[in-house]
Each structure stands twice: as C-alpha cells, then as structure tokens.
Amino acid sequence: MSNLSVHIDGRELSVPAGQTLNDFFKDHEDLRNHDAVAAYLDGEVIDFHTALPHGGTIRLIMADSPEALPIIRHSTAHVMAEAVQRLFPGTKVTIGPPIENGFYYDFDSEHVFTPEDLRAIEKEMKNIIKRNDIFERSMVSSEEAKRIFREKNEDYKVELIEDLGVDEVSFYTQGEWFDLCRGPHVPRAKRIKAFKLMSVAGAYWRGDENRKMLQRIYGTAFATKEELDEYLNFLEEAKKRDHRVLGKQLELFMFNDEAGAGFPIFLPRGMRLRTVLEEWEKKEHYKRGYEIVSGPTLLKQDLWVRSGHWDHYRENMYFTQIDETGYGVKPMNCLSHMLIFKSKTRSFRDLPQRYFELGLVHRHEMSGVLNGLLRVRAFTQDDAHIICMPEQLPGEIKGVIRFVQDVMNIFGFDYKLEISTRPEKAIGDDEIWEQATNALKSALDDLDLPYEINEGDGAFYGPKIDVKLMDCLKREWQCATVQCDFALPERFELEYVGSDNATHRPVMIHRVILGSVERFLGVLTEHFAGAFPLWISPVQAVVMTISEKSVDYGHKVAETMQAAGFRVEADLRDEKIGKKIAEWREQKVPYMLVVGEKEAQENRVAPRTRSGETLEPMSLSDFMQRMQSEVDSKAL
RNA sequence: GCCGCCGUAGCUCAGGGGUAGAGCACUUCCUUGGUAAGGAAGGGGUCGACAGUUCAAAUCUGUCCGGCGGCUCCA
C-alpha cells in the first residue's frame with residue numbers, strides 16, 4: 001500500500017493508506033489532538049475513525065469551536081435514539097439531525113412520550129455514554145443496508161435509503177447500536193459532556209402533513225457543562241421577558257376565549273404605548289412625503305378576484321355577504337390604495353404617490369400557529385403603497401430602506417436583510433419578476449448593504465426585501481418588508497400621463513416598517529423586558545404619597561403632570577412607601593415621585609429612577625423639564 | 001388543521017368520585033409609616049362549555065372552546 005502525504009500544523013507527514021486519524025495520532029503523540037471532535041481534510045469533514053480517503057491538509061475541529069457543536073449534537077442524538085429504543089422496544093427511528101439550538105430525533109412509537117420519560121431517557125443516555133463507545137463509521141451497500149433495516153422493521157430507514165438512490169451508504173455504530181448516518185461524529189461517547197432533553201412535540205414524517213405524525217424529542221448539547229448552563233439561563237431570561245407574561249403583568253393587552261382566538265384586545269396601558277408609537281409613526285411618514293389614507297375593512301369579493309387574492313390567498317381570508325353581494329375582509333390594504341390612485345387622472349408630475357395607512361387586516365391563520373401578539377388573526381399593518389414610474393423604483397426602494405434604518409436605530413435594533421424571489425404560485429411573467437428582483441438588489445447594492453437570497457420565498461405578486469431585526473437576546477424577528485409589484489398595477493390598469501402625453505403603467509411598492517404593530521409591540525416588550533424607554537412607556541411616572549397627610553398634594557402633582565401631557569398615575573393609597581415602591585417596580589415604571597409633607601411644603605418631588613437611584617428632591621417644573629428632554633431625545 | 005400537554009377565585013397555583021383551598025389582589029377597620037411588601041377582619045369560584053357514565057362528577061369518558069410546545073405557514 002502506498003503512503004499518503006498529510007499536512008498538519010505546518011508539518012508534512014507520511015501516512016500509510018487506510019489509516020484513520022485516530023491511528024495517525026497514536027503514531028504521532030507529539031501532535032496536539034486532544035479535544036478535537038473531527039477534522040477537515042482539504043475542507044471536507046472527516047471523523048476520527050474514518051480511513052483517510054486521500055492525502056491533503058488536515059485542520060482539526062476543536063471541541064470549543066462553533067463548528068464542533070453540530071457534530072457533538074448529532075452524536076448526542078444518536079445516543080438518545082439508542083436510549084429510546086432500549087427503554088421503549090418497538091420504537092422505530094427516523095431522522096435525528098442537529099439544529100440551531102440543539103438536536104432532535106423523530107420516533108414512531110406506540111408509547112406516548114411524557115416529560116417524565118425524558119428524565120428516564122437522559123439517565124439511560126448517561127449509562128450509554130459511560131460505555132464510551134467509539135462512533136465507528138462503516139460503508140454498506142444500499143441493498144445490504146435495506147436488508148438489515150427491513151429485518152429490524154425500520155421501514156423509515158429503508159425509505160430513506162431508497163430515496164438516497166446511491167449504491168453505498170454509511171453506518172455509524174456505537175457498541176451494539178447503529179444508525180444510517182452521513183456523519184461525522186465525535187470520536188468517542190465520552191466527548192458528550194453536557195446535554196439535556198427539552199421537550200416532546202409532534203412532527204410529520206418528512207414535514208408532510210399527509211404523512212404520519214411522529215413524536216419528536218428535542219434536546220440540546222454543548223461542549224461543556226458551563227455552556228449548557230449558560231444556554232439554559234438564556235432560556236430562563238427569555239421566559240422572564242415573554243411578552244405574553246409581561247403583557248398580563250403590565251396590563252397591556254389580553255385575549256378572551258369568548259371573543260375568539262388570535263384577536264388581541266388592548267387594555268388602556270397597552271393602548272397608551274400603541275398610541276405613542278402610531279402618532280410618532282404618522283409624523284415620520286408625513287416628513288417623508290407620504291399621505292395618510294384609510295380604506296374600509298370589507299371590500300367586494302369581485303375586487304379580490306380581480307387582484308388575484310381570490311386565486312392565491314383565499315384560504316387565508318374571511319368572506320361574508322351583504323344583501324346578495326359577496327364581500328371579503330381585507331387581509332392587506334393595497335386595494336383601497338389602488339382605488340385612491342385611480343380616483344383621478346395622474347400626471348407623471350404627481351408621482352410618486354405614497355399612501356400610508358395603519359390598516360387593520362384579518363387573516364385566517366391556522367389555530368396551531370397563534371402565539372400571543374406575535375401571531376394573530378387581526379393586526380394593524382403600518383402599511384404603505386408607493387406608486388411610481390419604473391425609473392423611480394430604485395430611488396423609492398432606497399428611501400424605504402433608509403426609513404427602516406432610521407426606525408431600527410431609534411429602538412436600538414440590529415437587523416439583516418434578505419431578498420426573496422419568485423415562489424411557485426405566482427402571477428406575472430418571468431421577465432417582470434426578474435426586473436423587479438434586480439431593482440431590489442441594486443437598491444441594496446447602492447446602499448452597500450449585505451443581504452441573503454431566499455429562493456422562492458416571495459409574495460405571489462412580487463419579490464421582496466425582508467428585514468429581520470435582532471433583539472437584545474439575538475433572536476430574529478420578521479418585521480419590515482419591501483415588496484415590488486408589477487402585477488397589481490396591471491390588473492387594476494393603473495395609469496399616469498407621461499411627459500409625452502401618452503398613458504403609462506406605474507409600478508407599485510408594498511412596504512411596512514414595523515410590520516404588524518401588534519407583533520412589533522410584542523417584540524418591543526421582550527426586547528426591553530417590559531422596561532420601555534420613557535418616551536413610549538405607558539406609565540411614565542407614578543406619584544406616591546408617604547402618608548394620607550399628603551394626598552392633596554400628591555393629587556395636585558399628578559394632575560399638573562397629566563395636564564402637561566405626561567402619562568402619570570397617582571398612588572395615594574394608605575400603604576407604606578416601601579410597599580408602593582415594590583409594587584410599582586414590578587410595573588417597571590421609569591420614575592417614581594415620592595411626595596410627603598416636606599415636598600408638599602416646598603412644592604417639590606423626590607424622584608426615584610427605575611434603576612433604584614434616588615434623586616435630590618427638585619421642583620416639579622424642574623422635574624418635568626428633565627423628563628421632557630428625555631422624552632424628546634427618545635433615550636433608550 | 002395535525003400530535004402531545006394543559007384549563008380550579010382578578011393573578012399565581014395546590015387538591016381531586018361524596019359537592020373547594022393557599023398566597024397576592026379586592027373591601028372595611030387599625031396604623032400615618034420616608035425609598036423592595038405593617039396588622040386584623042371580610043367578600044369572592046355553577047373547578048373552560050356542553051353531553052354521557054354513576055346513587056353521587058370539579059374529579060371518569062366524549063365533543064367543543066381556549067392556552068402552551070412543536071409540525072406547517074407568515075406581518
């Protein structure tokens with residue numbers, strides 16, 4: 001057998017053919033390989049127990065590198081699958097990949113897995129890990145592999161092999177147990193040092209709702225116990241910020257089963273927050289040359305047929321009848337805006353027309369996807385349609401993106417951009433799609449903004465730029481979107497008169513900045529953990545009295561501030577100041593104004609900040625000035 | 001929509017085939033207290049809804065409504 005030439009750590013070494021990395025490191029104990037989970041051989045991932053297929057440059061994947069995580073998690077999934085099959089004989093295995101925050105494995109089992117089972121499975125996994133098996137790779141012909149799995153009644157695996165359509169497949173064996181798997185895996189089971197099973201959920205075989213519902217067990221694994229704990233803490237932190245919990249605690253919004261699922265009801269404090277946001281947004285739109293318009297919730301069904309919604313979006317819409325005529329509840333605001341454009345003859349001098357509407361839309365979402373304010377059936381879009389000449393398109397798109405940037409900066413959100421291209425179900429010919437997609441790309445290129453491409457993820461009427469904002473816990477949220485539309489102007493025969501006195505067809509941009517006001521409020525709540533910046537805070541200050549002797553003064557302070565336009569509450573209860581502070585702290589109010597006999601005499605307030613700092617008593621007017629400048633600066 | 005879990009006072013939750021409990025909140029009284037919860041008494045629930053089983057259902061079964069975690073889809 002010939003030798004292979006291997007580069008590692010800047011050295012060139014000769015290795016007999018057929019050797020594995022493991023063999024190799026045994027022969028070269030001077031080389032550091034401790035805590036590597038796998039390696040790259042000329043860029044191709046290879047594990048420790050696989051014979052080197054050829055020579056080349058080896059780069060180790062150390063356990064503490066981000067690349068190691070999916071490998072560790074994948075191996076953990078295998079261990080879990082073995083544990084499940086040991087504890088619940090007859091369970092069939094399907095697939096078990098690593099995912100963003102861990103891994104899962106889908107099982108087909110008579111037994112219904114419970115949270116208690118997860119603890120038992122974890123225990124069994126620990127026993128398996130103790131054996132410290134090698135994850136050994138072997139190649140098997142597809143025919144032989146199918147025979148083996150058929151014998152074990154693992155029909156899902158047989159199906160997988162058939163669909164792979166290759167002559168040979170790889171197996172990974174740990175002790176007695178093995179699985180069809182591409183790999184790579186960690187060298188030995190003891191490399192799995194920190195894992196936890198998280199939850200059980202239903203999942204369709206191959207994600208197809210027409211196929212069998214399997215049971216999916218989710219788990220996570222990290223290179224070290226510390227990292228696992230850090231992740232679990234992160235989950236705890238996220239739970240504390242849950243907008244559904246905070247929404248109740250801060251009395252922002254509610255749901256009611258008699259009103260219906262997915263229909264949020266805004267409480268006074270939530271509405272204060274919303275009003276501030278919406279009024280601010282209206283001003284920002286006027287500043288940027290938009291006109292505010294408003295259309296009805298119901299429009300005739302024929303109009304929805306004409307727009308294409310009937311053919312492409314019907315299953316998400318609600319319909320009703322008035323007298324003999326069918327009407328549809330709007331799931332989008334564009335139709336009225338097009339009718340507004342058509343309401344008179346437009347000259348090229350009038351373009352672009354920018355129509356903005358805080359429009360309440362209804363969409364029939366599947367019951368299983370509803371989630372607090374983040375996924376509802378009725379929501380308000382900060383929606384605008386820009387109708388312009390084709391040559392104005394790039395400039396308008398850039399304007400929208402700058403608008404998005406401004407808004408994201410105000411709230412301190414980081415964000416990234418994605419362009420989505422033509423989906424399967426679409427209207428308009430390929431040429432138009434390409435033109436529109438290029439307009440979006442060139443706008444982002446001109447602004448020097450990086451973006452990813454999402455093939456086939458566009459709306460049915462045009463490609464789009466999606467803005468994914470990232471909150472302070474690094475979670476991504478879809479909010480702003482900019483969509484190009486050549487189809488609807490065509491369908492509605494929108495026209496303008498050009499400088500040549502001929503009629504031309506304009507193009508349309510659909511765009512939202514916050515997306516859904518409801519969702520944005522949910523995201524904001526989680527981002528700030530309910531401690532909103534002063535300028536949007538539903539309760540900006542609470543006046544609290546030391547004793548009943550100061551009730552009149554406390555009342556006066558609150559009234560004065562309210563008259564000055566601040567959102568203020570008065571806590572005049574016969575309770576000790578410590579208790580009032582404790583309670584309002586839970587409400588995350590930015591300022592508490594303590595007033596007692598001293599303050600009443602001197603016409604002052606004693607402010608306490610949300611962070612717990614007690615400020616020197618100051619006159620009410622000084623305090624209001626201080627507050628106003630903080631509001632004006634929109635400080636975070 | 002599908003799979004699993006869940007629904008008890010305004011909130012958070014305990015209990016569980018013989019007719020309901022705690023803490024907080026609420027009301028009243030005592031207390032007049034200076035920056036993270038003073039004390040006492042009291043009121044409040046057809047145990048999500050509707051059927052069924054049973055001498056008896058909040059508890060068991062079924063259907064529906066709603067919530068949570070996923071699958072899938074989207075703002």
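Letters A, B, ... are given to chains in the order of the sequence lines, protein chains preceding strands, and every chain is numbered from 1. Since the structure is predicted, the reported quantities are computational estimates derived from the model, not experimental observations.
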Inset, instruction - Using a 4.5 Å cut-off on heavy atoms from C-beta on, say whether the side chain of A/R274 contacts that of A/L521. - result: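 In short, these two side chains touch, coming nearer than 4.5 Å.
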Regarding [X], tell me which of base, sugar-phosphate or nothing describes its non-hydrogen contacts under 4.0 Å with the strands shown.
X      : result
A/R216 : sugar-phosphate
A/I577 : sugar-phosphate
A/L370 : sugar-phosphate
A/V112 : sugar-phosphate
A/E251 : nothing
A/K212 : nothing
A/A606 : base

Whole angstrom is fine here: how far is it from [atom1] in [X] over to [atom2] in [N]?
X      : N     : atom1 : atom2 : answer
A/E575 : B/G34 : CD    : C1'   : 15 Å
A/L374 : B/C68 : CG    : P     : 10 Å
A/N210 : B/G1  : CG    : P     : 16 Å
A/M544 : B/A37 : CE    : P     : 13 Å
A/F107 : B/G70 : CZ    : C1'   : 15 Å
A/K239 : B/C68 : NZ    : C1'   : 11 Å

Inset, instruction - Please list all pairs passing the side chain to side chain donor-acceptor pair (under 3.5 Å) test where one or both residues lie in residues 589-598 of chain A, with sequence neighbours left out. - result: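 Counting only pairs at least two positions apart or across chains, the side chain to side chain donor-acceptor pair (under 3.5 Å) contacts touching residues 589-598 of chain A are A/Y591-A/E630.
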Could you please name the option among [options] that lies closest to any side-chain atom of [X]?
X      : options             : value
A/I581 : B/U35, B/C71, B/G69 : B/U35
A/Y204 : B/G70, B/C2, B/A75  : B/C2
A/K549 : B/A25, B/G33, B/G34 : B/G33
A/R519 : B/G4, B/A36, B/A75  : B/A75
A/K248 : B/C73, B/G67, B/U12 : B/U12
A/E548 : B/A75, B/G33, B/C65 : B/G33

Inset, instruction - Specify the residue among A/R377 and A/G596 whose closest nucleotide of RNA chain B lies further upstream toward the 5′ end. - result: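 In this pair, the answer is A/R377.
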Legend entry - Along RNA chain B (nearest heavy atom to each residue), the more 5'-positioned of A/R573 and A/F113: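 Residue closer to the 5' terminus by nearest nucleotide: A/F113.
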So, OP1 or OP2 of [N]: does either fall under 4.0 Å of a side-chain N or O from [X]?
X      : N     : answer
A/K579 : B/U32 : no
A/N371 : B/G69 : yes
A/Y218 : B/C71 : yes

Looking at [X] and [Y], does any basic side-chain N land under 4.0 Å from a carboxylate oxygen?
X      : Y      : value
A/D466 : A/K416 : no
A/R573 : A/E583 : yes
A/E365 : A/R375 : yes
A/R206 : A/D208 : no
A/D406 : A/R288 : yes
A/R422 : A/E455 : no

Inset, instruction - Give me the residues of residues 361-369 of chain A where at least one heavy atom lies under 4.0 Å from an atom of RNA chain B, by number, or none. - result: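 Per residue number, the list reads A/R363, A/E365, A/M366, A/S367, A/G368, A/V369.
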Inset, instruction - Answer yes if the side chains of A/E518 and A/T380 hold a donor-acceptor pair under 3.5 Å, and no otherwise. - result: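 A/E518 vs A/T380: donor-acceptor pair found between side chains.
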Inset, instruction - Consider only side-chain N and O atoms of A/K157 and A/T94, and report whether a donor and an acceptor are under 3.5 Å apart. - result: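 No, no side-chain donor-acceptor pair sits under 3.5 Å.
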Looking only at atom [atom1], what distance separates [N] and [M], rounded to whole Å?
N     : M     : atom1 : value
B/A58 : B/C2  : P     : 28 Å
B/U8  : B/C47 : C1'   : 4 Å
B/U72 : B/U61 : C1'   : 32 Å

Kindly say whether, by distance alone, the side chain of [X] makes a donor-acceptor pair under 3.5 Å with the base of [N]?
X      : N     : result
A/D574 : B/U31 : yes
A/R375 : B/C73 : yes
A/E209 : B/U72 : no
A/E586 : B/A37 : yes
A/E258 : B/G48 : no
A/R211 : B/C71 : no

Legend entry - 5'-to-3' dot-bracket of RNA chain B (Watson-Crick, G-U; under 3.5 angstrom; crossing pairs as [ ]; | other strand): (((((((..((((....[..)))).(((((.......))))).....(((((..]....))))))))))))....
Inset, instruction - With rounding to the nearest 0.5 Å, note down the distance linking NE2 in A/H364 to CZ in A/R314. - result: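 Reported to 0.5 Å precision, the distance equals 14.0 Å.
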Inset, instruction - To the nearest 0.5 angstrom, please state how far the CD atom of A/E418 sits from the CD1 atom of A/I453. - result: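 Reported to 0.5 Å precision, the distance equals 9.5 Å.
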